[in-house]
Amino acid sequence: SVSDWTAALQAVVRDENISRQQLLELFSRIRSDTGMQMTVAVITVVMRGLVKKGDYDTAYRLWSVWLKVSKRDRIIDK
């Protein structure tokens, strides 16, 4: 479920040994393998992780993509 994957991503974000690249690869792999949609919670967790790991540019780009997608297909987490 989305909440399970969100929790898994949150654990990755907290782990200081996991790089921003590994975070992005996991996020990408989860989305492609499960078809998981980008929800507010998922985007928030991934963006928080990117900022925490110092990758502000990628966090901004992810936010920009989210804004475009959310206007079209807004998904509220349940």
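Because only heavy atoms are used, hydrogens play no part in the values below, and waters and symmetry mates are left out as well, while side chains stay in.
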**Student:** Atom OG1 of Thr39 and atom CH2 of Trp66: how far apart are they, to the nearest 0.5 Å?
**Tutor:**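 That separation rounds to 6.5 Å.
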**Student:** For Val51, which fellow cluster members are found when Ile, Leu, Val, Met, Phe, Trp and Tyr are connected by side-chain heavy-atom distances below 4.5 angstrom, either directly or through intermediates?
**Tutor:**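 Members other than Val51 - counting any ILVMFWY side chain reachable under 4.5 Å - are Tyr56.
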**Student:** Looking only at non-hydrogen atoms, find the nearest pair between Val45 and Gln10 and report the distance.
**Tutor:**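 Heavy-atom minimum between the residues: CG2-OE1, 3.4 Å.
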**Student:** Roughly how far, to the nearest 0.5 Å, is the CG atom of Asp33 from the CG atom of Leu26?
**Tutor:**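 Spacing of CG (Leu26) from CG (Asp33) equals 9.5 Å.
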**Student:** Please list, chain by chain and in numerical order, all residues satisfying side-chain hydrogen bond (donor to acceptor under 3.5 Å, both in side chains) with Asp4, sequence neighbours excluded.
**Tutor:**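 For Asp4, the residues satisfying side-chain hydrogen bond (donor to acceptor under 3.5 Å, both in side chains) (neighbours in sequence not counted) are Ser1.
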**Student:** Quick one: pull up CD in Gln22 and CG in Asn17 and give me the separation to the nearest 0.5 Å.
**Tutor:**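 If we round to the nearest 0.5 Å, Gln22:CD and Asn17:CG are 9.0 Å apart.
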**Student:** Once rounded to the nearest 0.5 Å, what's the spacing between atom CZ of Arg20 and atom CG of Asp57?
**Tutor:**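 That separation rounds to 9.5 Å.
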**Student:** What heavy-atom pair brings Lys53 and Val13 nearest, and what distance separates the two atoms?
**Tutor:**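 Lys53 and Val13 have their closest heavy atoms at NZ-O, 3.8 Å.
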**Student:** Determine the minimum heavy-atom distance between Ile43 and Phe27, stating which atoms define it.
**Tutor:**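 That would be CD1-CZ, 4.3 Å.
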**Student:** What are the two closest heavy atoms between Val12 and Ile18, and how far apart are they?
**Tutor:**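 Minimum heavy-atom separation between Val12 and Ile18: CG1-CG2, 3.6 Å.
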**Student:** Quick check: closest heavy atoms across Met47 and Leu62, and the distance to 0.1 Å?
**Tutor:**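 For Met47 and Leu62, the tightest heavy-atom pair comes out as CG-CD2, 3.7 Å.
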**Student:** For Val46 and Leu23, work out which heavy atoms get closest and say how close.
**Tutor:**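 Answer, listing the atom of Val46 first, then Leu23: O-CD2, 4.0 Å.
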**Student:** Do any N or O atoms from the side chain of Ser64 and from the backbone of Tyr60 form a donor-acceptor pair under 3.5 angstrom?
**Tutor:**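 The answer is yes, because a donor-acceptor pair under 3.5 Å joins these two groups.
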**Student:** Are side-chain N/O atoms of Thr58 and Arg61 paired as donor and acceptor at under 3.5 Å?
**Tutor:**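 Side chains of Thr58 and Arg61: pair found under 3.5 Å.
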